[in-house]
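Okay, structure first, notes after.
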Amino acid sequence: MIAVKSYAALDKASPLAPLDISRRAVGDNDVLVDIMYCGVCHSDIHMARSEWGPSIYPIVPGHEIVGRVSQVGASVTKFKVGDLAGVGVFVDSCRKCSCCKDDLEQYCDEGMTGTYNGYERDGKTPTYGGYSNKIVVDQHYTLHVGNFKAEQLAAVAPLLCAGITTWSPLRYAGVGKGHKVAVLGLGGLGHMGVKFAASFGAEVTMISTSPSKEADAKALGATHFLLSTDKEAMAKAANSFDFILNTVAAPHDVNMYLNLLGVNGKMLVVGLPPEDSKVSAFQLVGKRRGIIGSMIGGIKETQEMLDYCAEHNIVSDIEMVDMKDINAAYERVIKSDVKYRFVIDLATL
Ligand code: NAP
Ligand code: ZN
Ligand code: ZN
């Protein structure tokens with residue numbers, strides 16, 4: 001076993017605090033990653049606080065991990081000691097179902113093994129995430145991030161969740177030149193969604209509840225900014241988009257946004273508010289609109305996204321935070337007050 005330092009919540013109401021944990025010894029197919037940076041995803045908060053149902057405690061959140069390989073198992077061919085490595089939202093899956101075979105491990109029939117708040121394939125060993133200084137992961141579920149510049153590495157971490165989560169549905173939908181795409185919610189996911197949709201050639205509108213974010217939205221690649229509290233502007237924008245990428249983390253009236261889609265328009269849902277909103281059949285039927293959900297992306301697609309980002313110089317816009325300040329960072333995320341992703345510097349743990 002490998003002794004590891006972490007930050008954990010002991011129950012849904014307590015703030016995160018230091019906790020000593022242990023990782024399994026490095027197996028034949030495993031890599032040991034010394035964690036350098038870990039992004040703070042809103043899902044970390046949802047799960048630390050059991051907002052999606054009871055979590056497994058103690059919980060060590062964190063699934064946007066970048067670090068350096070410090071040990072490899074005997075059968076590891078994908079990495080060598082000293083390589084940079086990334087770990088995202090899952091660290092294992094059944095490897096034999098049709099989803100796993102089709103590089104869609106995130107939709108594994110038996111359920112993916114979450115990087116934290118999950119159990120290893122034995123069904124009883126809890127997994128612990130990246131708010132920690134070391135992690136042991138099977139090589140297949142570990143990503144290459146060595147082609148980014150050294151000074152970009154902290155900003156690469158959020159690509160492992162926020163990046164792939166917005167990349168995958170935009171790619172699946174074939175978003176590109178000639179499409180009018182709205183991104184709903186300018187947070188961690190939303191800011192990556194704007195960057196990708198713009199990079200793919202779409203005309204991007206940022207839909208936000210925060211008037212203060214207009215200039216940033218445009219700097220990120222949006223051509224237009226729509227304030228969702230401006231009733232007149234919302235009425236004018238009715239029936240105008242081909243796609244809306246919905247990244248909202250809090251309960252909201254989804255019908256108000258569906259109304260902005262044109263004929264055959266599709267809402268790509270990635271946000272996971274703790275309470276569902278009720279969809280009006282009339283909003284869908286009247287314009288043959290559709291709703292598609294999407295969860296992160298498979299390992300192959302995540303690597304493609306990372307390689308594209310390295311080539312096109314796309315990383316996250318981040319605020320660095322010390323491990324001890326994580327609870328204050330959570331409060332700011334909840335207030336939609338982060339530009340646009342917190343990343344923990346694990347050197348401060
Ligand atoms: P985040 O940084 O908190 O961003 C969410 C944004 O939603 C906020 O910045 C805010 O943007 C907007 N928003 C907040 N409350 C709103 C409301 N009541 N009505 C309309 N907009 C509101 O969160 P995140 O890390 O990007 O994650 C977003 C959601 O995606 C979370 O629920 C997370 O769990 C989920 N998620 C899903 C996947 C997946 O695989 N599908 C992966 C990762 C995360 P404005 O200030 O611009 O309004
Ligand atoms: Zn996430
Ligand atoms: Zn499977």
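We count ligands from 1, going down the list as the structure has it; atoms in each ligand are counted the same way. Numbers here simply count residues along the sequence, with the first being 1. On a predicted model such as this, the values are computed, not experimentally measured, just so you know.
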How far apart are the closest heavy atoms of [X] and [Y], and which atoms are they?
{"X": "Ala48", "Y": "Tyr330", "value": "CB-CE2, 4.2 Å"}
{"X": "Val26", "Y": "Val72", "value": "CG1-C, 4.0 Å"}
{"X": "Ser50", "Y": "Tyr57", "value": "OG-OH, 2.7 Å"}

With respect to [X], determine whether any N or O atom, backbone or side chain, lies less than 3.5 Å from an N or O atom of ligand 1.
{"X": "Cys41", "value": "no"}
{"X": "Tyr257", "value": "no"}
{"X": "Leu272", "value": "yes"}

Side chain, backbone, both or neither: [X] near ligand 1, heavy atoms under 4.0 Å:
{"X": "Met206", "result": "neither"}
{"X": "Ala162", "result": "neither"}
{"X": "Trp52", "result": "side chain"}
{"X": "Thr247", "result": "backbone"}

Student check: side-chain heavy atoms of Val33 and Phe79 closer than 4.5 Å: no

Val89 side chain near Ser43 side chain, heavy-atom distance below 4.5 Å: no

When you draw lines from the Zn ion (ligand 3) to SG of Cys100 and to SG of Cys108, what angle lies between them, to the nearest 10°? 110°

Filtering Ile164, Thr209, Val270 for the heavy atom nearest atom 20 (C) of ligand 1 leaves Thr209

The option among Pro273, Gly188, Ala249, Pro274 carrying the non-hydrogen atom nearest to atom 2 (O) of ligand 1 is Gly188

Considering only protein heavy atoms, which is closest to [atom], and at what distance to one decimal place?
{"atom": "atom 1 (P) of ligand 1", "answer": "His42 ND1, 3.7 Å"}
{"atom": "atom 18 (N) of ligand 1", "answer": "Pro251 O, 3.5 Å"}
{"atom": "atom 38 (C) of ligand 1", "answer": "Thr165 CG2, 3.5 Å"}
{"atom": "atom 44 (C) of ligand 1", "answer": "Ser43 OG, 3.2 Å"}
{"atom": "atom 10 (C) of ligand 1", "answer": "Ser336 OG, 3.4 Å"}
{"atom": "atom 26 (O) of ligand 1", "answer": "Leu189 N, 2.8 Å"}
{"atom": "atom 12 (C) of ligand 1", "answer": "Gly185 CA, 3.8 Å"}
{"atom": "atom 16 (C) of ligand 1", "answer": "Val248 CG1, 3.7 Å"}

Closer than 4.0 Å to some heavy atom of [X] - which atoms of ligand 1 meet that?
{"X": "Gly187", "value": "2 (O), 4 (O), 9 (O)"}
{"X": "Ser208", "value": "45 (P), 46 (O), 47 (O), 48 (O)"}
{"X": "Arg341", "value": "24 (P), 25 (O)"}
{"X": "Ala250", "value": "15 (N), 18 (N)"}
{"X": "Val333", "value": "3 (O)"}
{"X": "Leu186", "value": "9 (O), 11 (O), 45 (P), 47 (O)"}
{"X": "Lys213", "value": "9 (O), 11 (O), 45 (P), 46 (O), 47 (O)"}
{"X": "Ser210", "value": "45 (P), 46 (O)"}

If Ile, Leu, Val, Met, Phe, Trp and Tyr residues are connected whenever their side-chain heavy atoms lie under 4.5 Å apart, and connections chain through other members, are [X] and [Y] in the same group?
{"X": "Val40", "Y": "Met47", "answer": "no"}
{"X": "Val183", "Y": "Leu226", "answer": "no"}
{"X": "Val338", "Y": "Met192", "answer": "yes"}

Are [X] and [Y] close enough for a salt bridge, meaning some N to O gap below 4.0 Å?
{"X": "Lys195", "Y": "Asp317", "answer": "yes"}
{"X": "Asp337", "Y": "Arg332", "answer": "yes"}
{"X": "Arg23", "Y": "Glu120", "answer": "no"}

Looking at ligand 1, is there an atom of it that comes within less than 4.0 Å of some heavy atom belonging to [X]?
{"X": "Gln106", "value": "no"}
{"X": "Ser228", "value": "no"}
{"X": "Cys161", "value": "yes"}

Given the rule in the side-chain hydrogen bond (donor to acceptor under 3.5 Å, both in side chains) test, do Tyr141 and Ser93 qualify, once you have shown the distances and angles that lead to the verdict? CA-CA 9 Å; Tyr141 296 85; Ser93 62; 2.8 Å; yes

Distance check below 2.8 Å: does Cys94 bring an N, O or S atom to the Zn ion (ligand 3)? yes

Cys161 atom SG and Cys41 atom SG as seen from the Zn ion (ligand 2), angle to 10 degrees: 120°

Once you round to the nearest 0.5 Å, how far does CZ of Arg289 lie from CG of Leu284? 8.0 Å

For the atom pair OG1 (Thr223) and NZ (Lys180), what is the distance rounded to the nearest 0.5 Å? 10.5 Å

Quick check: does His63 put an N/O/S atom under 2.8 Å from the Zn ion (ligand 2)? yes

Mind running salt bridge (charged side-chain N to carboxylate O under 4.0 Å, His left out) on Lys218 and Glu214 for me, showing each step along the way? CA-CA 6 Å; Lys218 291 185 173 163; Glu214 175 163 0; 2.9 Å; yes

Which is it for His63 and Cys41 under the side chain to side chain contact (heavy atoms under 4.5 Å, CB included) test, yes or no, and what are the steps along the way? CA-CA 8 Å; His63 57 208; Cys41 179; 3.6 Å; yes

Less than 6.0 angstrom from the centroid, inside 45 degrees of the normal: does Arg171 satisfy that with respect to the ring of Tyr308? yes

Kindly assign one of parallel, tilted or perpendicular to the pair Trp167 and Phe200, based on the angle between their ring planes and the thresholds 30° and 60°. perpendicular

